[in-house]
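Order of listing sets the numbers, starting from 1, for every ligand and every atom in it.
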Amino acid sequence: MAGRADGARLPGPLQIEETMTGTAAAPVPLLIDTDPGVDDALALLMAFNDPAHRVVGLSIAAGNVGLAHTVRNALKLCEVAGRDDIPVFPGCAGPLVHPCEDAAEVHGADGFGDIGYAPAEREASSEHAALAILRLSHEHAGRLLLVALGPLTNLALALRLDPTLPARVARLVVMGGAVTGHGNLSAAAEFNVGFDPEAAKVVFEAFERIELADWEATLAHGLHHDRVLEWLDADSPRARFYREISERTREWSVDRRGDHWHSADALAMALALQPDGVLESVRRPLRVETEGRHARGATVVDWRGPEGEGVDIMLGYDQDRFESLVRAALAAG
Ligand code: RIB
Ligand code: CA
């Protein structure tokens, strides 16, 4: 990120310290908290396909659909991708305080397009997601890349158990929020934050630095349906499985959002895996609203500043780079 003499941060590429980038020889340990969910699945395939990152675990949240489904979907995706080496840690079965509607309308009742897949052979770990997050933060202290693609319930619980967690996390990338109030769960709230605003408040107040890919950035980086269909034609088990599980949500999207499909978690994963693809970002204070009939779950950004404080909000990502990461993830053998 370019900076001014007074230290204020100007819009520009995100600056990530050298130690935070990996190589095939020394991959960055990557822990993903996720509520699979069709767009989560695409993000996971991108992570599985990056030799510079080693996925050390999937901590599973309830969100898009209930926890039993999100756990089952994570196990199945690992099996399809030949990644049964990745442990799957079930997390909290609901938000910290208030219940919330799921997103089955978008993802299908089972979260994976209701295709009736045969369950994975493997069982999930018996370790709770919050405890796994803490344990892995110690095992990979100072290098861990933590990516949150669902409601932040597990991460908030981990923080309540051990408030020193942020000191051991090299980077936290969050898919969530709507930085100028264009929500998808409600007029003001994006789903991951709106599903559990109390958890989001805990997380955003605990981490000094968060890299954010919000819903509005997602809408600005749509994937043309025709191009997605080409990528899904790849001769690979991953592409074939993904074509099946995504059919329902892609059709849902055509009916409601026109000729581009929006994959929020995939964009957040591009930010996480290749931050040098960020074309523009700004840093501003951000607060999560937990009260209010109309604004609960809103991510209220103070655009007045002070600049250089708060959350790193990604405003623009290299679209070609993003699409090549998605295409390669689907084509991977
Ligand atoms: O608002 C989009 C987010 O909500 C994505 O993470 C999607 O998977 C849902 O969880
Ligand atoms: Ca998600």
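- Of the N and O atoms on the side chains of S59 and N154, not one donor lies less than 3.5 Å from an acceptor on the other residue.
- Restricting D35 to its N, O or S atoms, the one at the least distance from the Ca ion (ligand 2) is OD1.
- Contact atoms of ligand 1 toward D40: 8 (O) (distance under 4.0 Å to a heavy atom of the residue).
- Under the 4.5 Å side-chain contact rule for hydrophobic residues, W303 and V288 share a cluster.
- Looking at V38 against ligand 1, nothing comes within 4.0 Å, counting heavy atoms.
- Nearest to atom 8 (O) of ligand 1 among the protein's heavy atoms is D39 OD1, 2.6 Å.
- When OD2 of D40 and O of L149 are joined through the Ca ion (ligand 2), the resulting angle is 90° to the nearest 10°.
- Taking backbone and side chain together, D39 holds no N, O or S atom under 3.0 Å from the Ca ion (ligand 2).
- Atoms of ligand 1 found under 4.0 Å from any heavy atom of L149 (numbered from 1 in listed order, with element): 6 (O), 10 (O).
- Side-chain N/O atoms of R257 and S253 include no donor and acceptor closer than 3.5 Å.
- Of the charged side-chain nitrogens involved, none lies within less than 4.0 Å of a carboxylate oxygen, so that R122 and E79 do not count as a salt-bridged pair.
- A donor-acceptor pair is defined here as one N or O able to donate and one able to accept, closer than 3.5 Å; such a pair exists between the side chain of R143 and the backbone of P27.
- Close contacts of ligand 1 with M175, meaning ligand atoms under 4.0 Å from a residue heavy atom, involve 2 (C), 3 (C), 5 (C), 6 (O).
- When non-hydrogen atoms are compared, ligand 1 lies under 4.0 Å from neither the backbone nor the side chain of T218.
- Between R296 and E289 there is no salt bridge, since none of the side-chain N atoms of the basic residue sits less than 4.0 Å from a carboxylate O of the acidic one.
- A salt bridge is defined here as a Lys NZ or Arg NE, NH1 or NH2 lying under 4.0 Å from an Asp or Glu carboxylate O, and E323 with R327 fails to meet this definition.
- If you check which protein heavy atom lies closest to atom 1 (O) of ligand 1, you get E190 OE2, 2.6 Å.
- Checked against the Ca ion (ligand 2), the N, O or S atom of D265 at the shortest distance is OD2.
- Look at D110 and K76 and you find no salt bridge, because none of the NZ, NE, NH1 or NH2 atoms lies under 4.0 Å from a carboxylate O.
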Test side-chain contact (heavy atoms from CB on, under 4.5 Å) on D214 and T299; report intermediate values, then the result. CA-CA 10 Å; D214 82 322; T299 43; over 6 Å; no
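- In this structure, the protein non-hydrogen atom closest to atom 10 (O) of ligand 1 is N192 OD1, 2.9 Å.
- Remark: ligand 1 and N64 share an N or O pair separated by less than 3.5 Å (distance only, no angle test).
- Residue D265 approaches ligand 1 through these ligand atoms, each under 4.0 Å from one of its heavy atoms: 5 (C), 6 (O), 7 (C), 8 (O).
- In summary, P36 places no N/O/S atom under 3.0 Å from the Ca ion (ligand 2), failing the contact criterion.
- Looking at D302 and R287, no side-chain N of the basic residue comes within less than 4.0 Å of a carboxylate O on the acidic one, giving no salt bridge.
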